[in-house]
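Side-chain atoms are counted along with the backbone in the values below, which use heavy atoms only and exclude waters and symmetry mates. Below, read A as the first sequence line, B as the second, and so on, with proteins coming before strands; counting in each chain starts at 1.
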Protein chains: 2
Amino acid sequence: MEDRKKDLSERKKIILKAIIDAHIENGEPVGSKFLTGHKQISCSSATIRNEMAELEEMGFLEQPHTSAGRIPSEAGYRFYVDWLIDRYNFTQGEIDELRRTLNQKQSELDAVMQTAVTLAAKLTNYTALAIKPRQPRITVGRYELLRLDEMTLVLIMVIGGIVKTKYVHSNRPIPNEAAACLSAVLNKYVTGITASEITLPMMMEMERVMGEYEYLVSPVIKAVCETISVFDGGDLRFEGINRLLSYPEFYDMDRLRDMLALFEKKDDLLEVLSEETTHTPDDRVQVYIGRENIVKVMDNSTLIFKAVRDHGKTVGAIGIIGPTRMNYRRVIATIDHLTRGVSEVLGDPNGNDGADGNE
Amino acid sequence: MEDRKKDLSERKKIILKAIIDAHIENGEPVGSKFLTGHKQISCSSATIRNEMAELEEMGFLEQPHTSAGRIPSEAGYRFYVDWLIDRYNFTQGEIDELRRTLNQKQSELDAVMQTAVTLAAKLTNYTALAIKPRQPRITVGRYELLRLDEMTLVLIMVIGGIVKTKYVHSNRPIPNEAAACLSAVLNKYVTGITASEITLPMMMEMERVMGEYEYLVSPVIKAVCETISVFDGGDLRFEGINRLLSYPEFYDMDRLRDMLALFEKKDDLLEVLSEETTHTPDDRVQVYIGRENIVKVMDNSTLIFKAVRDHGKTVGAIGIIGPTRMNYRRVIATIDHLTRGVSEVLGDPNGNDGADGNE
DNA sequence: GTTTAGCACTCGTGGTTTTGAAGTGCTAAA
DNA sequence: TTTAGCACTTCAAAACCACGAGTGCTAAAC
């Protein structure tokens with residue numbers, strides 16, 4: 001078997017590769033006539049037909065029905081992958097881009113919200129969303145530093161009751177005592193102020209205090225700023241997008257595609273919802289039906305959400321998006337309970353006795 | 001307007017509610033005849049027709065075309081939500097379940113892997129997956145405890161170079177010095193052993209050493225065990241599921257549904273892939289075409305993935321899933337580069353000079 | 001022996017037509 | 001005010017048809 005594979009005549013290989021390439025390109029069965037246009041193939045369609053018939057006999061091609069062209073069989077793809085494709089070369093630019101993106105670490109989404117939104121999707125069987133609104137004035141309340149290994153520190157920050165960790169790599173070895181020293185300095189100088197309030201004189205002062213460890217100040221402060229900025233940047237997360245498919249209203253591929261496109265460009269939606277979430281005075285479940293929605297595409301869809309409060313402050317929102325024909329009763333109740341649950345878990349004593357969520 | 005709404009005759013309300021309920025249930029327009037079967041409605045279809053015509057005039061109903069039944073308009077839904085639905089009551093069981101799930105915090109997926117998988121989906125325009133295989137022997141290398149507020153500790157664990165944080169709520173106030181004391185005890189007794197190796201005598205010994213703070217030992221150890229168990233439990237994450245829709249092979253709703261169902265029940269897939277990932281000897285990109293796949297549903301789909309190694313140890317895998325008709329060249333190259341990139345970011349010096357990933 | 005042109009054959013696709021069922025509105029009777 | 005009956009409308013599914021694409025085969029050409 002192994003031998004037979006390599007035994008293909010050069011022309012068969014070219015034809016097979018041409019067929020698979022073309023099929024990968026446009027997804028349709030490819031016929032003999034089409035291949036005559038290929039530059040590496042100079043014989044007539046009849047010859048190609050013969051070759052194709054043989055390739056089919058060998059199991060590399062198959063035809064969906066007699067008057068369609070050929071498509072590659074699984075064995076065909078296998079041969080293609082094993083013997084016919086040459087290596088794809090990334091440009092240096094692409095490689096750099098890739099490394100850069102990998103290096104800038106993503107902030108982890110707040111775990112409770114993540115659990116809640118997953119749960120919301122599961123319980124209602126609609127697509128769920130979690131909103132963390134933009135927060136313009138966010139500050140760090142407390143710092144802690146651990147020395148992880150010779151060159152790495154773990155920076156632990158308490159931001160509004162939430163703990164964030166971030167790794168800081170140094171290019172010089174870090175002595176054991178430097179971590180404690182640095183955390184003391186951070187706690188003294190950069191608590192309770194926003195990222196933009198950290199001034200150059202402050203940094204110089206810190207470097208002076210740090211003495212011989214001054215080289216650690218700049219990378220750590222950079223890490224602090226980064227964390228703050230992703231933290232206050234807002235976030236919008238969907239869960240259970242595929243659940244849309246359970247509903248006949250989304251059987252229409254075009255509508256479905258529109259919806260998914262909406263999920264893709266989160267920024268617009270986030271902008272609108274941030275506004276909506278933070279400025280809603282009362283504490284009820286919000287229901288936007290069809291064209292009541294702020295976003296155009298959401299005709300025929302309903303958005304239901306409720307803000308999550310922690311000690312009276314809005315820290316996010318959890319919601320559901322689905323067809324207008326939605327089980328309102330169940331969804332409203334679920335969202336109501338969930339947001340309260342989250343508030344409770346966050347330690348908000350008022351989580352369970354605010355205004356009634358429904359009606 | 002507000003008045004008119006409440007002005008609906010009782011019978012109209014019943015009919016409207018019945019129509020919307022029925023429509024929510026089965027998604028189809030509902031006709032007069034169907035409603036005669038409703039228990040609260042005792043008039044004939046002709047009467048109902050008259051009522052429906054009036055409801056339509058008021059704007060609560062509309063008909064898609066003359067010989068279909070009626071469907072609720074947006075105003076109809078609005079009225080329904082505002083006036084007609086009663087509150088859905090969760091059973092106590094459901095509520096408990098919900099609170100329990102919210103309380104057990106999800107471990108955040110390794111940030112780099114998350115970035116990588118998002119990137120993989122974006123670069124290839126197929127659905128990407130990240131696998132963290134089950135790890136039977138996982139231990140904590142180091143503990144750190146912070147007192148967050150009077151009743152709450154933050155437990156910080158270094159597990160295989162990864163930092164995990166977990167909140168521990170106490171039902172008694174926590175003195176300032178308890179945190180330091182407890183972390184010393186943890187570091188002494190429970191480093192380098194797996195969750196199942198923590199014995200009752202060990203816990204009792206720890207409680208003895210802790211003296212008056214012994215009440216903190218049990219909840220903290222519980223938190224440790226939980227963290228370890230979610231950490232070694234394996235994880236499977238998909239990104240860019242919607243990208244499937246770009247490809248005509250998934251225009252068929254049934255096939256699409258099958259595929260999405262596959263994504264839902266991660267456990268099976270994880271089991272198989274854990275095996276596959278950890279026991280693959282060589283360091284290349286794995287390609288499974290069509291029925292070569294271990295999982296049934298994946299006929300007509302190709303799975304491509306490669307293990308991510310960190311200092312020689314397999315810590316996960318990144319892959320792509322898509323139609324058999326796939327741009328193999330590009331995908332293989334992307335996965336290859338990505339896994340290497342991740343290894344590099346993780347600090348693996350061999351990230352970039354292992355066996356050639358392709359061919 | 002291999003390649004090519006020609007031709008009859010097959011089969012799916014796209015468009016049109018037909019039929020049937022569902023549901024309505026209206027009218028007249030109860 | 002309610003109900004039965006009937007004519008009308010409209011969509012959906014089935015049936016039908018013609019077309020085009022692509023093949024396999026045969027016989028002639030190289």
Rounded to the nearest Å, what distance is computed from the [atom1] atom of residue [X] to the [atom2] atom of nucleotide [N]?
X        : N       : atom1 : atom2 : value
Arg70(A) : dA21(D) : CZ    : P     : 18 Å
Met52(A) : dG22(D) : CE    : P     : 9 Å
Ile71(A) : dG22(D) : CD1   : P     : 14 Å
Glu62(A) : dT23(D) : CD    : P     : 15 Å
Glu28(A) : dG20(D) : CD    : C1'   : 14 Å
Leu55(A) : dG22(D) : CG    : P     : 18 Å
His65(B) : dA12(D) : NE2   : C1'   : 9 Å
Leu61(A) : dT23(D) : CG    : P     : 11 Å

Problem - Upstream residue (5' side of DNA chain D) when Ala68(A) and Arg49(B) are each assigned their closest nucleotide - result: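 The answer here is Arg49(B).
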Exercise for the section: Kindly indicate whether the side chain of Thr124(A), heavy atoms from C-beta on, has any atom under 4.5 Å from the side chain of Asn327(A). Expected result: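 Thr124(A) does not reach Asn327(A) side chain to side chain.
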Practice task
Pick base, sugar-phosphate or nothing for Ser32(B), based on heavy-atom distances below 4.0 Å to the nucleic acid.
Solution key: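 Touches sugar-phosphate only.
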Exercise for the section: Pick base, sugar-phosphate or nothing for Ala46(A), based on heavy-atom distances below 4.0 Å to the nucleic acid. Expected result: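 Base contact - Ala46(A) has a heavy atom under 4.0 Å of at least one base atom.
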Problem - Outermost DNA chain C nucleotides near chain A [under 4.0 Å, heavy atoms] - result: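 Contact boundaries, 5' end first: dT3(C) to dG12(C).
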Handout entry: Side-chain-base donor-acceptor pair under 3.5 Å for Ser67(B) and dT10(D)
Key =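 Check passes, donor-acceptor contact within cut-off.
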Any donor-acceptor N/O pair, [X] side chain to [Y] backbone, under 3.5 Å:
X         : Y         : result
Thr302(B) : Ile289(B) : no
Glu74(A)  : Arg291(B) : yes
Ser73(A)  : Phe60(A)  : yes

Problem - Closest to side chain of Asn50(B), choosing from dT10(D), dT23(D), dT3(D) - result: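 When the side chain of Asn50(B) is considered, dT3(D) is the closest of dT10(D), dT23(D), dT3(D).
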Exercise for the section: Would you sort out whether Tyr77(A) and His23(A) count as a side chain to side chain contact (heavy atoms under 4.5 Å, CB included), showing the intermediate values? Expected result: CA-CA 11 Å; Tyr77(A) 280 120; His23(A) 182 66; 3.2 Å; yes
Could you pull out the protein-nucleic contacts involving nucleotides 27-30 of chain D (nitrogen or oxygen on both sides, under 3.5 Å)?
none

Problem - Separation between CD1 of Ile48(A) and CZ of Arg11(A), rounded to the nearest 0.5 Å - result: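 It comes to 8.5 Å.
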Handout entry: side chain to side chain contact (heavy atoms under 4.5 Å, CB included) assessment of Met58(A) paired with Lys12(A)
Key = CA-CA 11 Å; Met58(A) 293 181 192; Lys12(A) 278 205 181 58; 3.7 Å; yes
Problem - Nucleotide opposite dA28(D) in a Watson-Crick or G-U pair, distances under 3.5 Å - result: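 Across any shown strand, dA28(D) pairs with dT3(C).
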Practice task
For the pair Tyr288(B) and Phe305(B), name the ring-plane relationship: parallel under 30°, tilted 30 to 60°, perpendicular over 60°.
Solution key: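 Taking Phe305(B) first and then Tyr288(B), their aromatic rings lie parallel (interplane angle under 30°).
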Exercise for the section: Take the angle between the ring planes of Phe79(A) and Trp83(A) and call it parallel below 30°, perpendicular above 60°, tilted in between. Expected result: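 Tilted: the ring planes of Phe79(A) and Trp83(A) meet at 30° to 60°.
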